[in-house]
Amino acid sequence: MRLRTTRAVVITAALALAASLAACSSSPETESAPAPGAEGKADLSSALGAAGVLVAADSGSVKPLKYTEAGSPEMQGLIVDLTKEYAKRLGLDVKFEKVSSDAVIPGVLAKRYDVALAAGDFAERRKTLDFVDLVEGGVVLIVQKGNPAGISGRDDLCGARLAIVKGSIQQGYADEEQKKCADAGKPPIDIQGYADGPTATLALQSARVDVEWSDLAVANQLVADEPEEFELAGEPEHLAPYGVGIPKDNTALRDAIFEALTEMKEDGTYDRILEDWNQSSLGLKKIEINGSKF
């Protein structure tokens, strides 16, 4: 009887030791613990074309929002700084791809780029893209100093030579005005499309066109920088905000960018970046997804 008891005790102890050794062999490396600094961040591994890199496409021709200087490939500007900040908060690097304006959205839809860096949040575009809105937008007409063509607004465009950027919202407006001219029996607008804003402005500066239809932020900067060369014609039109354009099927990336930008707005970083670029008037009261009324 005593032998059986001793043998049972030995077996029981051996089993306990084996269980203990098995528990010790489960090292932390085998557990799915989050990586350092990853707590709270969305898993975007399947939401990007290249892991850890946000590829943002833009023409880089809208100074001071997003632009490159002559001879330099580096994208800079207010929206560029906002993008770098929200990407950093998501643990991402950013690669800026400079392409023509009319190739940005098709490239995003074809998955060549992850997002449109910033484009007008319009209803037609929302059929295929969602927008996380960034800053207010608008358009205005620019003429040479002294306004030699006598243009004071849309109603004076019939018969004028007009520069627009291809693929921009201004191109759609120009087509609308062209129809109005035809319906009224007036001379047609000579609409000249350019690949980017600086090229359109050069056409105005060299008198190849009479007027340029420009983004409001660009026009304000241009007149401030070169008051002896250019002036605004007529009143600005405040339109849809600029937003990050994201394919509708990529809700994970959309929501992650929205949350990062909302955090930036709430902690004051968003407003500070706008102040750094002297563009506080373009600030949104709150960050929204598809918040445009246009």
Hey, is NZ on Lys95 packed in by over 12 heavy atoms from elsewhere, all under 6.0 Å? no
More than 12 heavy atoms of other residues, nucleotides or ligands under 6.0 Å from NZ of Lys248: is that the case?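 It does: Lys248 NZ has more than 12 such atoms within range.
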Between [X] and [Y], is there a side-chain N and carboxylate O pair less than 4.0 Å apart?
X	Y	result
Arg112	Glu97	no
Lys98	Asp196	no
Lys88	Glu85	yes
Lys63	Glu69	yes
Lys180	Glu177	yes

Do [X] and [Y] belong to the same hydrophobic cluster, where Ile, Leu, Val, Met, Phe, Trp and Tyr are linked whenever their side-chain heavy atoms lie under 4.5 Å apart, directly or via other members?
X	Y	answer
Val143	Val140	no
Leu204	Leu232	yes
Tyr113	Leu129	yes
Val94	Val115	yes
Leu216	Val62	no

Shortest non-hydrogen contact from [X] toward [Y]:
X	Y	value
Asp58	Ala118	OD1-O, 3.4 Å
Val209	Ala163	CG2-CB, 3.8 Å
Val99	Ala57	CG2-CB, 4.3 Å
Ala203	Tyr194	CB-OH, 3.3 Å
Met75	Val80	CG-CG2, 3.4 Å
Leu44	Ala256	CD2-CB, 4.0 Å

Which side-chain N or O atoms in residues 238-245 pair as donor and acceptor under 3.5 Å with protein atoms at least two apart or in another chain?
{"from": "Tyr242", "atom 1": "OH", "to": "Asp215", "atom 2": "OD1", "distance (Å)": "2.5"}
{"from": "Tyr242", "atom 1": "OH", "to": "Asp215", "atom 2": "OD2", "distance (Å)": "3.4"}

What residues form a side-chain hydrogen bond (donor to acceptor under 3.5 Å, both in side chains) with [X], not counting sequence neighbours?
X	answer
Ser280	none
Asp175	none
Asp155	none
Thr251	none

Interatomic distance, [X] atom [atom1] to [Y] atom [atom2] [nearest 0.5 angstrom]:
X	Y	atom1	atom2	result
Lys145	Asn147	NZ	CG	10.5 Å
Ile257	Arg89	CD1	CZ	14.0 Å
Arg254	Asn290	CZ	CG	7.5 Å
Asp190	Leu157	CG	CG	11.5 Å
Asp133	Leu261	CG	CG	10.0 Å
Thr128	Leu109	OG1	CG	4.5 Å

Does the side chain of [X] reach to within under 4.5 Å of the side chain of [Y], using non-hydrogen atoms?
X	Y	answer
Phe294	Ile169	no
Leu92	Leu48	yes
Leu90	Leu54	no
Val165	Gln171	no
Thr68	Phe96	no
Leu82	Leu274	yes
Lys265	Asp271	yes
Leu222	Thr201	yes

Looking at Ser100, is its backbone amide N or carbonyl O close enough to the side chain of Lys166 to form a donor-acceptor pair, meaning the two atoms are under 3.5 Å apart? no
So does Ile164 get a backbone contact from the side chain of Gln192, meaning a donor-acceptor N/O pair under 3.5 Å? no
Assign the ring pair Trp277 / Tyr67 to parallel, tilted or perpendicular, where the plane angle (0 to 90°) is split at 30° and 60°. perpendicular
Of all pairs that satisfy disulfide (SG to SG under 2.5 Å), the ones with a partner from residues 162-238, not counting sequence neighbours: Cys158-Cys181
Any chance the side chains of Ser292 and Arg125 put a donor and an acceptor closer than 3.5 Å?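 Ser292 vs Arg125: no donor-acceptor pair found between side chains.
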